[in-house]
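Take a look at the structure set out below.
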Amino acid sequence: MGVSKKRVIALIPTKNEEESIKKVITQVKPWVDKILIVDGYSKDKTVKIAKNEGVEILFQEGKGKGMGFQTFLKKYPIKKDEFYVMLDGDASYPAKDIPIFLENLKEYEIVSGKRKGVRFKLKNIVHFIGNKIISLLGFLLYGKYIDICTGMWGFRGDVLKSMKISAKGFELEADLFMNMRRLNLKSKEILIDYFPRIGEEKLKESDGFRIIYFLIRKKFIN
Ligand SMILES: Nc1nc2c(ncn2[C@@H]2O[C@H](COP(=O)(O)OP(=O)(O)OP(=O)(O)O)[C@@H](O)[C@H]2O)c(=O)[nH]1
Ligand SMILES: [Mg+2]
């Protein structure tokens with residue numbers, strides 16, 4: 001059951017997360033009324049495992065995490081007074097913090113997780129610097145500094161209904177941030193743990209450049 005009186009729905013985007021999805025579902029379940037998985041054509045057992053856990057699956061149109069979110073906005077009957085929490089299906093985000101997100105959604109229209117412990121391991125240096133550059137660019141172009149590339153967000157239903165998302169892939173979070181600014185939403189960042197993902201990485205360095213280009217293009221071109 002959700003901690004708030006509002007109905008709470010967890011949204012989990014997945015693509016080939018068979019190694020982690022059961023763990024994520026188990027961690028999320030106690031805090032929400034419903035779990036909805038938006039799947040991007042997983043070729044492994046992700047969908048089967050999720051179905052066995054009694055979770056609803058929405059099969060996305062097109063390719064990429066952003067297209068998954070767009071399908072959700074188009075197909076899912078979002079209600080204005082519901083609360084939504086989105087987190088990745090790779091077990092890198094702390095489901096135990098969902099109640100904090102819900103508590104803040106009573107006051108704020110959009111809530112996002114600021115990741116601590118994006119560690120300075122050699123493997124992660126490119127990620128770390130890339131994340132900082134993207135956040136800095138977000139500040140320079142849109143006037144607010146947040147951890148843009150975070151995969152944990154909370155939204156009120158009415159806010160989701162007013163969002164316009166054009167991102168197809170991993171620019172999704174940048175698009176959420178831009179919607180936050182464009183709609184002048186009352187927002188809050190919450191400090192969260194960030195764990196090493198279970199399973200295979202899907203984000204590539206080229207995605208970082210795509211996100212940067214997206215932030216610039218949307219500001220100056222369309
Ligand atoms: N619906 C949908 N989800 C996707 C797609 N691609 C990735 N995802 C999911 O989006 C979430 C974030 O993707 P990740 O691969 O973890 O990307 P990341 O967290 O930026 O980077 P790493 O964890 O380092 O790989 C995960 O839950 C993925 O399963 C897609 O095409 N469609
Ligand atoms: Mg991840």
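As the structure lists them, so they are numbered: ligands from 1, and atoms in each ligand from 1. Here, residue 1 is the first one in the sequence, and each next residue gets the next number. Predicted model, so just to flag it, every value in this text is computed and none were measured.
Classification of Glu173 and Lys65 as a salt-bridged pair holds, one side-chain N sitting under 4.0 Å from a carboxylate O.
With ligand atoms numbered from 1 in the order given, ligand 1 contributes 26 (C), 27 (O), 28 (C), 29 (O) to contacts under 4.0 Å with heavy atoms of Glu17. The His127 neighbourhood of ligand 1 comprises atoms 24 (O), with distances under 4.0 Å to a heavy atom of that residue. Within the listing of ligand 1, atoms 3 (N), 9 (C), 26 (C), 27 (O), 28 (C), 29 (O) sit less than 4.0 angstrom from a heavy atom of Pro13. Listed by number with element, the atoms of ligand 1 under 4.0 angstrom from any heavy atom of Gly64 are 30 (C), 31 (O), 32 (N).
Under the 3.5 Å distance criterion, with hydrogens and angles disregarded, no donor-acceptor pair is assigned to the side chains of Ser112 and Lys188. There is a side-chain donor-acceptor pair under 3.5 Å between Ser42 and Asp39.
The proximity of Lys15 to ligand 1, defined as any non-hydrogen pair under 4.0 Å, involves the side chain as well as the backbone. At a 4.0 Å heavy-atom cut-off, ligand 1 does not touch Tyr41 at all. With a 4.0 Å heavy-atom cut-off, ligand 1 is reached by the side chain of Gln60 but not by its N, CA, C or O. If you look at Arg197 next to ligand 1, the close heavy atoms, those under 4.0 Å, all belong to the side chain.
Atom NZ of Lys96 has more than 12 neighbouring heavy atoms from other residues, nucleotides or ligands inside a 6.0 Å radius.
When atom types are taken as modelled, the side chain of Ser92 and the backbone of Pro196 share no donor-acceptor pair closer than 3.5 angstrom.
Looking at Tyr194 next to ligand 1, no N or O pair under 3.5 Å apart turns up. Every N/O-N/O distance between Gly68 and ligand 1 stays at or above 3.5 Å.
At least one N/O/S atom of Asp90, from backbone or side chain, sits under 2.8 Å from the Mg ion (ligand 2).
Of all the listed residues (Ala91, Gly89, Pro196, Gly208), Gly89 holds the heavy atom that lies closest to atom 27 (O) of ligand 1.
A cation-pi contact, defined as under 6.0 Å to the ring centre and within 45° of the axis, is absent between Lys15 and Tyr41.
Residue Ser162 holds its OG atom at 11.0 Å from CZ of Phe155, rounded to the nearest 0.5 Å.
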Inset, instruction - Given side chain to side chain contact (heavy atoms under 4.5 Å, CB included), test Leu87 with Ile12 step by step and report yes or no. - result: CA-CA 5 Å; Leu87 74 172; Ile12 307 177; 4.3 Å; yes
